[in-house]
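Report on one structure; see the data block that follows.
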Amino acid sequence: LAQPMVAWAALEAGIGLWALALPWLADPLFDAYAGIAIGLGPTSIAFVALRLCCAALLVLPLAMLMGATLPVLAACVERAAPERAVALVSRYYWVNAAGAAVGALAAGFWLIEEFGVERPLSLTAILNIAVALVVFLAFRGQPMAARRQDTPTEQVDAHRLAGVAP
């Protein structure tokens, strides 16, 4: 990636936009689901497959965008601070996992009960889009240093560590 921070901003914007669109996408999907599912037995394989497909259509794009943020951010860190990349990415991963756990607990036990589904979803979407906009404006047109290429000796050492002949 020539501009990994811009790619990260695009992922964050995608997360926010999908979250904003989710209520409008879910209603017609649920209507279609209800129309199809009425003729299926609740324990049938077709009914279970239909439920799985509906859930995947709504959640999978969001999960893919979220899952792509760590590798892209790791590329940013590797280029910006190669000597500290492992420690920084490990710390980010820990903070990200802790934030996901706290967010899931807050949503499941407080936010949805207190505010419903759409308000917390809209707030997080707006935050994602705001972060994306700030990062995009700060880093557009500023390519990061290219990833350092391994020397032939380092490549051979890596192959030996992996147990693969060069």
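Along the sequence shown, the residues carry numbers beginning at 1.
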Which atoms form the tightest heavy-atom contact between [X] and [Y], and what is the distance?
X: Leu20; Y: Pro23; result: O-CD, 3.4 Å
X: Leu22; Y: Leu58; result: CD1-O, 3.6 Å
X: Val72; Y: Ala7; result: CG1-CB, 4.0 Å
X: Phe139; Y: Gln3; result: O-NE2, 4.0 Å
X: Pro71; Y: Gly67; result: CD-O, 3.2 Å

- Message: Please say yes or no: joined through hydrophobic side-chain contacts below 4.5 Å, possibly via intermediate residues, are Leu70 and Met64 part of one cluster?
- Response: no
- Query: Met5, Met66: one ILVMFWY side-chain cluster at the under-4.5 Å cut-off?
  - Reply: yes
- Starting at CG of Leu62, measure out to CH2 of Trp18 and round the result to the nearest 0.5 Å. 8.5 Å
- Query: Does atom CZ of Phe30 have more than 12 heavy-atom neighbours from other groups under 6.0 Å away?
  - Reply: no
Atom pairs and distances, side-chain donor-acceptor, residues 118-137, under 3.5 Å, sequence neighbours left out:
residue, atom, partner, partner atom, Å
Ser122, OG, Glu118, O, 2.8
Thr124, OG1, Pro120, O, 3.2
Thr124, OG1, Leu121, O, 3.0
Asn128, ND2, Glu12, OE1, 2.4

Which Ile, Leu, Val, Met, Phe, Trp or Tyr residues join [X] in one cluster when any pair of side-chain heavy atoms under 4.5 Å counts as a link?
X: Leu50; answer: Tyr33, Ile36, Leu40, Phe47
X: Val48; answer: none
X: Ile112; answer: Val117
X: Leu105; answer: Phe109

Would you mind writing out the side-chain donor-acceptor pairs for residues 83-97 within the sub-3.5 Å range, not counting sequence neighbours?
residue, atom, partner, partner atom, Å
Ser90, OG, Val86, O, 2.8

